[in-house]
Protein chains: 2
Amino acid sequence: MPERPKKPSKAKARILDAAASLFHQKGFAAATVRDLADAVGILSGSLFHHFPNKGEILFAVMENVIIEMDASLENALAAAIDTKASLRALIRNELEFIHGPHGAATAVLVYEWNTLSPENQSRLLQRRRAYFARWHTVLARAKAEGLVSQDPALLRQLLHGAIVWSVNWYDPAGALSLTELEASVLALACPSQS
Amino acid sequence: MPERPKKPSKAKARILDAAASLFHQKGFAAATVRDLADAVGILSGSLFHHFPNKGEILFAVMENVIIEMDASLENALAAAIDTKASLRALIRNELEFIHGPHGAATAVLVYEWNTLSPENQSRLLQRRRAYFARWHTVLARAKAEGLVSQDPALLRQLLHGAIVWSVNWYDPAGALSLTELEASVLALACPSQS
DNA sequence: GTAAAAACCAAGCACTTGCTTGGTAGACTG
DNA sequence: CAGTCTACCAAGCAAGTGCTTGGTTTTTAC
C-alpha cells in the first residue's frame, strides 16, 4: 500500500489550486476531471466528494480569487495617501494578482467568465460589481482632479484590457520588472505626470 | 498548366463562417462538430469531406482572418500621410476587425491562439510576426518623433490588450461610436495630442 | 480506544466526442 | 449519353466525457 502524503483537511484547497492552473493552462472545457484528479493525486470520482460537479469547481476558483482580489484592493486603497496613489494601487493590485501566486486563478476569472452558467455568474455579480465600483470611484475622482482626462467607465475597460492581456506576454522573470510595467500602465492612464 | 489557383468553395466558406461565430461563442473546445454541422445545415460527418479534422477548421478560420487583417493594415498604412495617421490606422484597423464582420474570427484568432497545435501555430507565425512588425515600425517612428514616450514593444502589447479586450464590453450599437473609441485608445498611446 | 466523519478507491454507466465508412443525388463535362 | 466530381447522407465505432455507486481507508473527536 503506497503512502499518501499527509495533507489532512486541505483537500479542497489542493483541488482548487490544481484546478486554477489546469483551467488556465488548457481552458475549462478542455481540462477533464481526470486531468484534474491526476494533478491532485486522487481518482476522478473522488473529486465529486468535494464538489457536486465540474462547474462548481470553476465557480469556487473564481469566487476565491474575486474575494481576495477585492479585499486586497480595499487594503491597498486604504493605504493610498492621495488620488494618484489610489490610481497606482488599482493598477498594482491587478498586476500583482495576474502575475503573482493567484495568477492562474485570476486569469481563469477573467478569461472563463462566459463559461460560467448564468446562475453562477449572477452569484458572483455582486462582488464583481463591488470591485469595479472601487475602480470607478478612484477614476472619477482622478478625473475631477484633472489627473486623467478620459471617461471613468471607458478608461477602466481600456486599462483592464491592457493589464489582463499582459498574462499573455509578460514574464515576471524577464527584464521588465512589475514596477516598471505598473509605471507604463499608469502612464497610459495619466500621461501628464512623469 | 500544372498548378491552377485554388478557389475557396462556397461550402467551405459557409463552414468557416459558422465556425468563427461558434468558436467565438462557445470556445473551440466546447463547440462540437455536431454544433457546427447544425449551424451549417449538414450532418457532422460531412464536415470531414472539407477538412481533415476539427483542428484544421480552427486553423483555417485563423489563417483567413490573419491574412485579411494584415492586408487591410497594409492598405491603411499606405494611405496614412504622417506618423500620427499611421498610429491611428493601427488602432482603427484592429478595432474594425474586432467589431466588424470579421469580429468573431478575429476574437478566435486572439483568444484561441494557445488552442492551436504547435505545428499550426508555427504555420501562422510568419504572418503573425509580419503584422506585429508593422506595428513596431510605426510605434518606433512615433517614438523617434516624440509622439509617444513608451517603448514600442511594450506599448504595442498594452494597446493590443486594451483593443482586443473591447470585444468583451463594447457594443457597436451602443452610444459610444467606433470613432470615439478609436480616439480614446489613441489618447492612451499619445497623450500630448488632443 | 472507539466510533463517527471525512477522504478516497474501484468499477463502471450513460452519454458525448471526433471521426470513418460506404454509399447516393445532382451538377458538370466530354 | 456515360463518366467524373463534388457535396452530402446514414450509420456507427472507439475513445473519452462527467458523474454515480458502494465500499474501504484514514482522520478527527470524545
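Below, chains carry the letters A, B, ... as their sequence lines are ordered, and counting in each starts from 1.
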Novice: Could you give the CG-to-C1' distance, from B/Leu47 to C/dT21, as a whole number of Å?
Specialist: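 Those two atoms, CG and C1', are 16 Å apart.
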
Novice: Quick one: does any side-chain atom of B/Asp35 pair with a main-chain N or O of B/Thr32 as donor and acceptor, under 3.5 Å?
Specialist: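 Answer holds: yes.
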
Novice: Please work out which of the three classes, parallel, tilted or perpendicular, describes the rings of A/Tyr111 and B/Tyr111, given edges at 30° and 60°.
Specialist: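 Judged by the thresholds at 30° and 60°, the geometry between B/Tyr111 and A/Tyr111 is tilted.
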
Novice: Where along residues 51-63 of chain A does a heavy atom come under 4.0 Å from DNA chain D, residue by residue in number order?
Specialist: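 Heavy-atom contacts with DNA chain D come from A/Asn53, A/Lys54.
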
Novice: At under 4.0 Å between heavy atoms, what does A/Ala30 touch on the DNA or RNA strands: base, sugar-phosphate, or nothing?
Specialist: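 No contact.
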
Novice: Within the structure shown, what part of the strands sits under 4.0 Å from A/Ala31 by heavy-atom distance: base, sugar-phosphate, or nothing?
Specialist: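 Here A/Ala31 touches the backbone only, sparing every base.
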
Novice: Parallel, tilted or perpendicular: which describes the rings of B/His102 and B/Phe97, with under 30° parallel and over 60° perpendicular?
Specialist: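 Plane angle under 30°, so parallel.
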
Novice: Does any N or O donor sit under 3.5 Å from an N or O acceptor when you compare the side chain of A/Arg34 with the base of D/dG16?
Specialist: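 Answer no: no donor N or O sits under 3.5 Å from an acceptor.
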
Novice: To check you understand the geometry: which heavy-atom pair defines the closest contact between A/Val108 and A/Ala20, and what is its length?
Specialist: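 It is CG2-O, 3.6 Å.
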
Novice: Check nucleotides 7-9 of chain D against the protein and report each pair of N or O atoms closer than 3.5 Å, with its distance, or say if there are none.
Specialist:
| from | atom 1 | to | atom 2 | distance (Å) |
| --- | --- | --- | --- | --- |
| D/dA7 | N7 | B/His49 | NE2 | 3.4 |
| D/dC8 | OP2 | B/His50 | NE2 | 3.1 |
| D/dC9 | OP2 | B/Leu43 | N | 2.7 |
| D/dC9 | OP2 | B/Ser46 | OG | 3.1 |

Novice: Mind checking whether B/Tyr131 and B/Glu94 have side chains closer than 4.5 Å, heavy atoms only?
Specialist: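 Counting from C-beta outward, B/Tyr131 and B/Glu94 do come under 4.5 Å.
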
Novice: Measure CZ/B/Phe48 against P/C/dG22 and give the value in whole Å, please.
Specialist: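 Roughly 17 Å, once rounded to whole Å.
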
Novice: Between B/Phe51 and B/Leu16, is the side chain to side chain contact (heavy atoms under 4.5 Å, CB included) condition met? List the steps.
Specialist: CA-CA 10 Å; B/Phe51 297 92; B/Leu16 291 181; 3.7 Å; yes

Novice: Is the shortest distance from a Lys or Arg side-chain nitrogen in B/Glu63 or B/Arg128 to a carboxylate oxygen in the other one below 4.0 Å?
Specialist: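 No, this pair does not count.
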
Novice: Please determine whether a side-chain nitrogen of the Lys or Arg among A/Arg123 and A/Glu119 lies less than 4.0 Å from a carboxylate oxygen of the Asp or Glu.
Specialist: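 Between A/Glu119 and A/Arg123 there is no salt bridge, as every charged N stays at least 4.0 Å from the carboxylate O atoms.
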
